[in-house]
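Numbers restart at 1 for each chain; the letters A, B, ... are given by sequence-line order, proteins then strands.
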Amino acid sequence: AQTVTQSQPEMSVQEAETVTLSCTYDTSESDYYLFWYKQPPSRQMILVIRQEAYKQQNATENRFSVNFQKAAKSFSLKISDSQLGDAAMYFCAYRSAKGSQGNLIFGKGTKLSVKP
Amino acid sequence: EAGVVQSPRYKIIEKKQPVAFWCNPISGHNTLYWYLQNLGQGPELLIRYENEEAVDDSQLPKDRFSAERLKGVDSTLKIQPAELGDSAVYLCASSLRTGNTDTQYFGPGTRLTVL
């Protein structure tokens with residue numbers, strides 16, 4: 001069974017600075033997808049970024065980028081120029097590419113605080 | 001485009017009472033998920049629908065939980081009877097599944113408190 005581990009329960013960053021959230025996963029599959037979701041206190045889970053395992057190029061979305069290391073099974077999220085609105089819980093998630101699978105497997109999350 | 005809609009946002013009930021949650025997915029999305037999120041944890045899948053068929057309900061406690069997705073659009077998740085341990089957030093997500101991949105979009109969730 002696949003597992004996702006987020007080893008940082010809480011992180012803090014100064015506004016306008018850069019922060020990196022860690023995520024590791026365990027799988028025997030070679031084809032899969034990885035996601036970062038943001039969950040503000042309002043509870044709405046918002047997709048931040050998506051990475052296909054077959055792509056070597058790291059995904060980027062504006063201030064958000066990932067460092068995908070397939071061999072190390074590592075998938076970290078870098079937030080540049082942090083803003084107050086980035087404060088939230090961040091969840092790393094794994095999705096198998098197998099046709100019979102479909103659900104996301106989540107880590108326990110990292111609570112990010114942004115200091116003004 | 002409207003996102004995933006869930007209601008109610010909050011529900012407080014006494015143990016042994018029934019409760020139901022409703023989800024309206026994004027228009028055109030063929031796949032619908034119900035997740036359970038306990039405090040301080042990531043969501044865990046309860047059931048997945050593709051159109052009107054439940055294709056993965058292995059994590060659904062069938063003795064007290066039931067779900068339906070009539071006509072392959074809206075879905076209802078029911079608990080009867082509720083127990084104290086059911087207090088959690090119930091999230092609905094939907095996606096347009098093409099081949100073996102999709103991206104899931106979540107609703108705001110229903111926070112259930114069982115007293």
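Looking only at side-chain heavy atoms (C-beta outward), A:Phe75 and A:Thr24 stay at 4.5 Å or farther from each other.
Across A:Ile46, A:Asn103, A:Ile105, the residue that shares the most heavy-atom pairs under 4.5 angstrom with chain B is A:Asn103. Chosen from B:Ser95, B:Gly107, B:Pro43, B:Gly109, the residue pairing most often with chain A at heavy-atom distances under 4.5 Å is B:Pro43. Of the listed residues (B:Gln59, B:Arg111, B:Gln6), the greatest number of heavy-atom pairs within a distance under 4.5 Å of chain A belongs to B:Arg111.
Heavy-atom distances place no part of A:Gln6 under 4.5 Å from chain B, backbone and side chain included. At a 4.5 Å heavy-atom cutoff, B:Ser58 makes no contact with chain A through either its backbone or its side chain.
Ring pair B:Tyr90/B:Phe21: centre-to-centre distance below 6.0 Å. Side-chain rings of B:Phe106 and B:Tyr35 approach one another, their centers coming within less than 6.0 Å.
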For this session: For ring pair (Phe, Tyr, Trp, His ring centres under 6.0 Å), just list the numbers for A:Tyr33 and A:Tyr94, CA-CA rounded to whole Å, side-chain angles, deciding distance to a tenth of an Å, and then say yes or no.
Result: CA-CA 6 Å; A:Tyr33 305 88; A:Tyr94 171 101; 9.1 Å; no
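Under 4.0 Å is where a charged nitrogen must lie from a carboxylate oxygen, and between B:Arg64 and B:Asp86 at least one such pair does.
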